[in-house]
Amino acid sequence: MDFRRRDMMAGGIALASSGLLGRPAAAQSRAETLRQVTGNSVNTLDPTMPGSTREAFGISVNIYDRLVSFGRKQGSNGGWVFDPDIIKGELAEKVDTSADGMTFTFHLKRDAKFHDGTPVTAEDVKWSLDRHVAARSLAAVQVQTGGWTKPEQFTIIDPHTVQAKVDKPDRLALPNLCTLYCIIFNSKQAKSHATAQDPWAQEWLKTNTAGSGAYTVEVFKPGEQVILRRNDAWKGGPLPYFRRVICQTIPEAATRASLIEKGDADLSIDLQASDVPTLAQRGRVKLVSTPQFNAFTMVAFNTQMAPFNNVKLRQAVAAALPYQDIFKAALFERGAPLFGASWRGSPTNGKFPQPLPLATNLERARALMAEAGHPNGLDTTFSFNVGSAATSEPLAALVKESLGRIGIRVEIQKLPDAQISTLVTEKKLPFLTETSIAWLPSTDYFFRNFFTGAQRWNYSSWNNAEINALCEKARYELNAAEYERLCKRMIAVLAEEVPVIMLWQPNQDAVMPLGVDGYTYQYHRQVDYRDLKRA
Amino acid sequence: MNATLRHAAWVLRGNPVTLAAGLGVLALALVALLGPSLVAYDPIASNVPQALQPPSAAHWFGTDQLGRDVFSRVVVATRLDLAIAASAVTLSFAVGAVGGAFCGYAGGRLDRWVGRFVDVLMAFPLFVLAMALVAALGNRVENIIYATAIINLPFYVRFARAEVNVRRNQGWVEAARCAGNSHASVVLRFLLPNVLPAMAVQVSLNLGWAILNAAGLSFLGLGVRPPTPEWGILVAEGARFITTGKWWLVVCPGGALMFAVLCFNLLGDGLRDILDPRLRT
Amino acid sequence: MASAPALFGVVVFTFLLMRVLPGDPAVFFASGPNAGEAEIQAIRVQMGLDKPIPEQLVRYLWDIGHGRLGRSMGTGQPVTVDLANRLPASLELTFTALLLALCCALPLGIGAALAPNSLLDHGVRLLCTLGVCVPTFVSGLLFIYAFYYLAGVAPDPTGRIDIFASQPPTLTGFLLVDAALAGDWEAWHSAASQLVLPACTMALFVLAPLARMTRASMLAVLTSDFVRTGDALGLSRRRVVLVYALRNALLPVITIMGIVFSTMLGANVLVEKVFSWPGVASYALDALLASDYAPVQGFVLLMALIFVAVNLLVDLLYGLADPRVSVA
């Protein structure tokens, strides 16, 4: 309840000073305040809490520092995008990687301080990294994809140096430490709120912060708003422009669009695809559209369950979908298509996601239906999430209509978030659409997360011996040419077997007033306020 | 019978609003009956190149995101919407009137228990109850009907109970019993017909409520499954396009929905005049 | 006390209804990449969902007895804290809307009753009925579009107070009251102007039952003996109507007001959603879609309690307005 008291104090101070300072000061602070409006809510200040929303991820990036983070580059459309190939220090001044690629030595910045003024030490780093591998949190499952599984991997060399070791050279070891889960806590502060049942202070950190990041939390009302204040003593990088950031939950997308257009809000990244072109056309706002190159929308089949365990049937569906129509009607063409590639057999490069040779061909689809042993068609259901209805509903309607032409009678199921997550995790849905994202955009990571294993993200429950083997091999393959070869093979198998039909990479449309600059598309698809400024 | 009709005619003459509402309901019923044969386009056939066209001679209410003809969708939706409203209200009316009448007649412990149960239902935030029911049972048409019926039920049970309670010891009921009628027959053949007219007023009002209720559920994503056209879904989808100025997507289905609810409400009012001229409210 | 069984019924019924929801909250909240069985099981244990349902119910009832309503997975807060923070927002909105509706409904109803079957009467009826015909989410969105986006006269429809204004110190949770107590008229003005659109949207919807009831009871009273006596004694028409008739006509209006108030509190889900109003109903809605049991159960219990309290209050008011009724 700490924020409540501060709230009252701020109110009191504003009251006392409003008579003295008057309007100009207020106007000044408005220009230095960024107001983001978002549809979802921030539900925790600790991003590793199970159930954290994406918006909570975004806030945590700004209030905590990591040892290292990704750099940014100019994207194909001129806007900024994150660059997973550049790794820069945040709390670490320098990272030494051993010749065998298994040991990383982090030299901490000596002047870095937590929000309470105490210096950041190796002990804090060790405690935090231990927490990420040992506590029951979202962090543990993420960092294991980089080979981080036990506290013994992290050792303190001296008060400003920490060493981290993996058992096998892993392409994703260092990138994993850049992700937003691997934040560094103020261990003294956190430990003082730990209890016997809760040794990692997870309960306390949900509503309190113990970080060193560029912003501190002024107000946190879960489900309503978060107000951040700039930490002027921040050492993680150049001081951000905005002194104050308000992140407010506005559930109605239409209202968010109006707020931006009227200039009352400064940023929204989750407007409806249908509103964006109109806003851009009216010219009162600035639009930064970035194809989300680490995300993709797909139609997934359950490959372990009849009828879609039949590869011919999946190919028939893939040949029946009217890709261009779906792309236009559902997404208003706001994204990069992943269909319609011209290659056959093997792709020209190993990048993923990349367009696959998918095209509409009803003749072929009907022939495949007969080959699949369903000359009289079949019945199935197609599911999507209520939250994504704006895009998924037209998509589903077109899927139903087009599959009706080859004899597949589809019933559309629109399910609330919790229900669809449950059914997907239990692998009970035959046929669905989802949009998903991989934080670390490398081909083997995509395949490992989405096309192997029993976890929820393997939407198609695909279990292909060759892919499983290729994935395992590619993960530890440090030779670039060989890695490329393995990736190309994986993509070729995917295109042939069609466990999912890749549709597109939706754009992230960040809409802001004309004066706001520096917006960067991040791997977590949220706003890094540190990048932004007002011209 | 003749007297009632004459009275009705007299009331209608002095009350053009009710007359208009009655005609409106009649028109809606006709559209619901003829539905699909009145429209030029298949309401669920897409035509993506023609998406989001404003109203024109070819498409009177314009087209939607998939290029479907909004006029066809609105007209065809009439049948489903009226069916949902009518079945829900019929269900709660039948269960509520019969159940409530028996309880009111029997009195005693059963009556108290049913009374408690109704209190429980009344104490629920009803719209949230409907949402929870649809979420729990799945968003199929029949579940939307059940949910709507359940949230309307308490009113009917209460009403029937109270009305029967007042009458059960009156002389004519006593007489019916003495004439050798069983209790069931007393309730069904004598008491219920006495109570029904007053309840009929409520039916008309509730039809309007039921339509709005279904629309609210649709707005929250708990409505009928796509791509089936239903007014609430059409309005909820159209509401997304308000800021971008595609008004026809919300105004046209919204107008149809409003018209239906308006007719039912005004008719309910009018019915009350006809059935009970003293207590016109 | 007579309402205790009803409250108990509400609690048990909600509990069971939530368990019937097909979504598994543990699965939903363990939504990270690679979230496996272990993580899901951990959340299940944390939420107490690993126990058999009868045991969960007994535990839940025990907790309610001790004033604990569980913890929301969505906000990470205890449900009691969330509800306490959000209830004033809902109540403030509902009270304002009810007041607004009464201010319109009483004159309209009286006017209609004074000239039954006149053009005015039909006009009032049509107007009130029109209000009920528009789904609140449509009227809300249209209001925002017209008054905020096009005309620019309304403040941005984003919560209870201008986000840049300083919030008055929290005493009652009712912003209008808090701001007035603090003497912060700027904040008061901001909070009041934020209230206008959502309150109008809601008032429009309940205008009809209130106006209709006023008209009906006024009609009945106007034909009663004491009014005729008053007229015969040569009292002014104004005095007869506004003093003697109205007081008697208000009785049924009070009854229906109680019902209207309870329904409004539960039914303003859509209004709260459209206006980003941080109230209890939108809180319950989000929780429901996430199959987050505790908040929904807490919300329903709270609504039932309010329902009981309002009924009690109506009985008391009845006693005040009608000395013949004694509250048993």
Side-chain angles (χ1 to χ4, degrees), chain A residues 251-262 271-282 322-333 381-402 404-405 410-419, chain B residues 41-54 63-69 73 128 131-144 217-230 232-250:
Chain A
E252 250 338 290
T255 307
R256 293 198 293 276
S258 310
L259 282 166
I260 302 278
E261 201 176 9
K262 297 275 284 183
L271 297 182
Q272 297 170 121
S274 56
D275 285 348
V276 173
T278 315
L279 288 190
Q281 203 182 345
R282 289 188 195 145
Y323 295 98
Q324 198 56 47
D325 276 359
I326 299 181
F327 188 48
K328 179 164 187 272
L331 203 68
F332 297 88
E333 300 182 317
T381 58
F382 183 74
S383 313
F384 66 89
N385 183 340
V386 168
S388 71
T391 310
S392 298
E393 205 165 301
L395 186 157
L398 288 175
V399 166
K400 180 184 164 91
E401 192 182 20
S402 60
R405 296 198 185 109
V410 178
E411 189 181 5
I412 298 175
Q413 262 189 330
K414 181 169 163 185
L415 297 169
D417 299 6
Q419 292 184 23
Chain B
Y41 299 88
D42 178 349
I44 55 174
S46 71
N47 182 6
V48 176
Q50 285 294 310
L52 295 174
Q53 297 295 313
T63 61
D64 70 1
Q65 195 172 355
L66 292 178
R68 297 176 294 204
D69 180 51
R73 287 175 71 74
V128 175
M131 277 164 46
L133 284 172
V134 176
L137 301 172
N139 48 349
R140 295 166 176 281
V141 173
E142 59 266 30
N143 294 336
I144 293 169
L217 288 175
S218 299
F219 180 66
L220 298 174
L222 293 168
V224 179
R225 297 181 171 195
T228 317
E230 190 268 329
I233 291 191
L234 295 180
V235 174
E237 276 175 6
R240 282 195 214 129
F241 292 88
I242 284 185
T243 31
T244 44
K246 306 201 169 51
W247 53 269
W248 60 93
L249 289 174
V250 63

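The basis for the numbers below is simple: all heavy atoms, side chains too, and nothing from hydrogens, waters or symmetry mates. We name chains A, B, ... by the order of the sequence lines, and we start the count at 1 in each one. This structure is a prediction, so every number in the text was calculated from the model and none was measured.
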Task: Value rounded to 0.5 Å, distance of CG in Leu279(A) from OG1 in Thr244(B) - done: 8.0 Å

TODO: Can you tell which part of Leu220(B) gets under 4.5 Å to a heavy atom of chain A, answering side chain, backbone, both or neither?
DONE: backbone

Task: Check: Glu237(B) and Glu393(A) side chains under 4.5 Å, non-hydrogen atoms - done: yes

Task: Portion of Phe382(A) that has a non-hydrogen atom of chain B nearer than 4.5 angstrom - done: neither

Task: Minimum heavy-atom distance between Arg68(B) and Ala397(A), given as atom pair plus value - done: NH1-CB, 4.0 Å

Open item on the list: Just so I know, are the side chains of Phe332(A) and Gln65(B) near enough to count as touching, which here means a heavy-atom distance under 4.5 Å?
Closed with: yes

Open item on the list: For Pro394(A), which atoms come within 4.5 Å of any heavy atom of chain B: side chain, backbone, both, or neither?
Closed with: both

- [ ] With sequence neighbours excluded, tell me which residues meet side chain to side chain contact (heavy atoms under 4.5 Å, CB included) with Ala45(B).
- [x] Glu401(A), Asp42(B)

TODO: Side chain from CB out, backbone as N, CA, C, O: work out which of these in Glu411(A) comes under 4.5 Å of a heavy atom of chain B, or both, or neither.
DONE: side chain

Task: Under 4.5 Å from a heavy atom of chain B, the part of Ala396(A) involved - done: neither

Task: Residue part contacting chain A, namely of Leu52(B), when any heavy atom lies under 4.5 Å - done: side chain

TODO: Tell me, for Gln281(A) versus chain B, whether the close heavy atoms (under 4.5 Å) come from the side chain, the backbone, both or neither.
DONE: neither

Task: Heavy-atom pairs under 4.5 Å with chain A, option from Gly221(B), Pro227(B), Pro226(B), Ala51(B) with the top count - done: Pro226(B)

- [ ] Please examine the side chains of Arg225(B) and Lys414(A), heavy atoms only from C-beta on, and report whether any two atoms are closer than 4.5 Å.
- [x] no

- [ ] Measure Ala253(A) against the heavy atoms of chain B and call it side chain, backbone, both or neither at under 4.5 Å.
- [x] neither

TODO: Just give me the residue among Thr278(A), Asp325(A), Thr255(A), Leu398(A) that pairs up with chain B most often, heavy atom to heavy atom, under 4.5 Å.
DONE: Asp325(A)

Open item on the list: For Ala330(A), which atoms come within 4.5 Å of any heavy atom of chain B: side chain, backbone, both, or neither?
Closed with: backbone

Open item on the list: Using heavy-atom distances under 4.5 Å, tell me whether Lys400(A) contacts chain B through its side chain, its backbone, both, or neither.
Closed with: side chain

TODO: Please flag which part of Gln324(A) lies under 4.5 Å from any non-hydrogen atom of chain B: side chain, backbone, both or neither.
DONE: neither

